[in-house]
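Report on the following structure.
Here the structure is a predicted model, which means the values were calculated and not measured.
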Amino acid sequence: MRRQLSITTACIVPLCMLCSMSVSAETLATHQEIVRQIKDEPASLDPAQAVGLPEIPVLRDLFEGLTNQDEQGHPVPGVALNWKSSDQKVWLFTLRQDAKWSNGDPVTAKDFVYSWQRMVDPRTSSPYAWFPALAAIQNAAEITAGKKPLASLGVVATDDYHLKVTLEHPVAWFPILTSSFALYPVPQKIVEQYDNQWTLPGHLVGNGAYRLDKHIVNERVVLTRNPQYWDNAHSTLNKVTFVPLSDSVTATHWYQANNIDVTESFPKNRYQSLKQALPGEVYTPAQLGTYYYAFNTQQGPTANVNVRKALSWSIDRQIIAEKILGTGEKAAWHFTPDITQGFVAPTLAYQQLSQAERNRQAKLLLNAAGYGPTHPLKLSILYNTSDSNKQIAIAVASMWKKNLGAEVSLVNQEWKTYIDSRKHGNFDVIRASWVGDYNEPSSFLSLLTSQHTGNISRFTNSAYDALLDKASIATTSAAREKIYTLAEQMIADNVPIAPIYQYTNGRLIKPWVKGYPITNPEDVVYSRQLRIEKH
């Protein structure tokens with residue numbers, strides 16, 4: 001696929017001269033409509049209630065933060081025209097005065113104050129309440145813990161179009177953090193008018209390039225152009241339909257029948273055949289994400305570190321990455337992906353062993369935990385519906401049976417049920433994944449700190465928490481790199497999770513879809529960047 005990156009970038013930053021360029025009308029399709037797969041029914045279209053990948057692509061079209069991302073993942077203007085800081089601790093964002101909500105009301109700095117306070121408010125119970133604290137916004141963690149009032153959050157509207165953000169400590173990459181959906185603004189008037197019904201069609205008011213037209217649960221989410229969007233003149237697509245399909249086989253059938261223009265995945269075992277059948281339509285660039293199994297560290301057999309270590313060591317990651325997947329994925333020995341900026345991958349002891357030796361030592365570890373032929377380990381693997389999740393679970397269960405004599409049951413749940421089980425710790429081992437919210441190691445490593453709501457394994461270790469706190473105030477990248485290496489070693493020693501493979505951004509994209517930013521390591525895509533070529 002030929003991508004016209006300069007035009008796409010210019011449309012994000014309209015002050016650039018390139019924005020005066022336009023795609024020749026003769027090359028564009030008459031109907032500028034696209035159908036995109038999402039991996040499941042969105043848990044919510046409220047940014048404060050989103051929980052994972054299924055809803056994020058939709059939220060990026062309905063709302064817009066202070067910044068956006070370009071094709072390489074760098075921050076570019078969103079609602080904020082520019083930003084500055086003399087010490088990387090106090091940031092001043094100047095908002096554009098032409099930003100509006102889809103009902104025509106102006107988007108102001110006060111909207112961000114309200115929305116960020118709402119995100120950390122304990123009454124909101126946001127799954128992403130940890131993000132403002134991770135971004136080091138002053139008092140965010142204390143507010144979420146109920147120790148300080150909302151008004152103490154380090155965000156102030158100095159006037160309608162200037163937002164002052166005070167951090168706990170300097171964060172050089174703070175502007176890119178504001179592109180996260182967790183820091184999107186929401187309209188206070190609408191939220192208070194409709195309460196938990198505010199995200200329904202006809203109620204939802206956003207400030208993104210598109211507005212909600214229809215939402216048929218488990219069938220489709222339909223968006224149409226938002227004429228109030230400040231850069232609407234540079235959007236091309238008039239209609240965006242998101243179809244929730246957890247099964248990549250079904251998604252691929254839909255794609256080949258021209259019912260979907262962009263998929264979120266494809267069957268890994270069909271990689272070679274698809275490359276032959278669909279030349280130029282199969283993409284597998286490295287992605288800033290890790291697929292892993294989380295162990296319940298608080299109860300059940302996996303509360304024992306030796307059991308966790310035995311289970312992790314006896315997973316043959318090379319087989320999973322190369323044979324079951326086989327689309328460029330790399331075996332993951334550590335949590336942070338290799339492509340993460342500011343990360344030097346450590347060489348872990350168990351990584352240096354052969355798989356046969358890992359299996360032998362894993363069996364000894366399991367025996368030390370009290371399990372053996374007369375007392376076999378019994379546990380379950382919980383995973384959300386997906387053909388690749390199922391294939392990996394079957395393979396891992398087989399490895400544990402063969403190498404450890406474990407009796408493993410597989411539990412498959414649909415996304416919302418799976419999320420509920422995950423939230424309440426109803427699992428022994430659970431399939432999980434993490435795609436970085438920003439390109440820096442703390443986006444991954446902070447996930448395992450004690451107070452992080454995304455800490456699925458409920459791993460609690462004060463020394464680990466102290467390491468991440470130390471990294472957050474380190475003033476040089478070299479100092480942070482050393483701390484991150486120590487953190488990865490601590491994960492390997494305590495095994496709250498078993499990293500399995502590093503993601504590739506595997507998807508199918510029709511040749512007539514132009515402008516897809518396939519090089520973005522976080523897979524950040526805004527439908528307003530895309531256009532449909534005549535075909």
| task | Would you please say whether a donor-acceptor pair under 3.5 Å links the side chains of S388 and S386? | result | yes
| Have Q69 and N520 got a donor and an acceptor in their side chains that come within less than 3.5 Å? |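 Note: Q69 and N520 side chains meet the donor-acceptor criterion.
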Mind checking side-chain contact (heavy atoms from CB on, under 4.5 Å) for [X] and listing every partner two or more places apart, or none if nothing turns up?
X: A362; answer: A310, W313, S314, L404
X: N139; answer: E142, I143, K148, S152, E168
X: A368; answer: N306

| said: Can you confirm if the aromatic rings of F181 and F63 lie within a centre distance of less than 6.0 Å? | reply: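 So the answer is no for these two rings.
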| Taking the six-membered ring for Trp, is the centroid-to-centroid distance between F335 and W434 below 6.0 Å? |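 No, the ring of F335 stays outside the 6.0 Å limit from the ring of W434, centre to centre.
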Listed partners of [X] passing side-chain hydrogen bond (donor to acceptor under 3.5 Å, both in side chains), at least two apart:
X: S44; value: none
X: E488; value: T336
X: T385; value: N412, E414
X: T453; value: W130

Looking at every heavy atom in both [X] and [Y], which two are closest together, and how far apart are they?
X: L447; Y: G454; value: CG-O, 3.7 Å
X: W91; Y: V171; value: CZ2-O, 3.5 Å
X: Y383; Y: A393; value: CD2-CB, 3.9 Å

| field | Trace of the side-chain hydrogen bond (donor to acceptor under 3.5 Å, both in side chains) decision for R507 with S265 | value | CA-CA 4 Å; R507 64 182 64 249; S265 60; over 6 Å; no
Mark yes or no for whether [X], through its side chain, and [Y], through its backbone, hold a donor-acceptor pair below 3.5 Å.
X: Y271; Y: F266; answer: no
X: E41; Y: N218; answer: yes
X: S180; Y: L177; answer: no

| On the ring face of Y418, is K416 found with NZ or CZ under 6.0 Å from the centre and within 45° of the axis? |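 Because its charged atom misses either the 6.0 Å distance or the 45° angle limit, K416 does not stack over Y418.
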Salt bridge (charged side-chain N to carboxylate O under 4.0 Å, His left out) contacts in which one or both residues fall within [range], not counting sequence neighbours:
range: residues 123-137; answer: D121-R123
range: residues 442-453; answer: none
range: residues 358-377; answer: E357-R360

Can you give each donor-acceptor pair under 3.5 Å made by side-chain atoms of residues 423-431, sequence neighbours left out, with the distance rounded to 0.1 Å?
{"unit_1": "H424", "atom_1": "ND1", "unit_2": "D420", "atom_2": "O", "d": "2.9"}
{"unit_1": "H424", "atom_1": "ND1", "unit_2": "D420", "atom_2": "OD1", "d": "3.3"}
{"unit_1": "D428", "atom_1": "OD2", "unit_2": "S380", "atom_2": "N", "d": "3.1"}
{"unit_1": "D428", "atom_1": "OD2", "unit_2": "S380", "atom_2": "OG", "d": "3.4"}
{"unit_1": "R431", "atom_1": "NE", "unit_2": "N389", "atom_2": "OD1", "d": "3.3"}
{"unit_1": "R431", "atom_1": "NH1", "unit_2": "N384", "atom_2": "OD1", "d": "2.9"}
{"unit_1": "R431", "atom_1": "NH2", "unit_2": "S433", "atom_2": "OG", "d": "3.1"}
{"unit_1": "R431", "atom_1": "NH2", "unit_2": "Y503", "atom_2": "OH", "d": "3.3"}

| query | Looking at residues at least two apart in the chain, or sitting in another chain, which of them share a ring pair (Phe, Tyr, Trp, His ring centres under 6.0 Å) with Y114? | reply | none
| query | Within a reach of under 6.0 Å around CD of Q451, are more than 12 heavy atoms found that belong to other residues, nucleotides or ligands? | reply | no
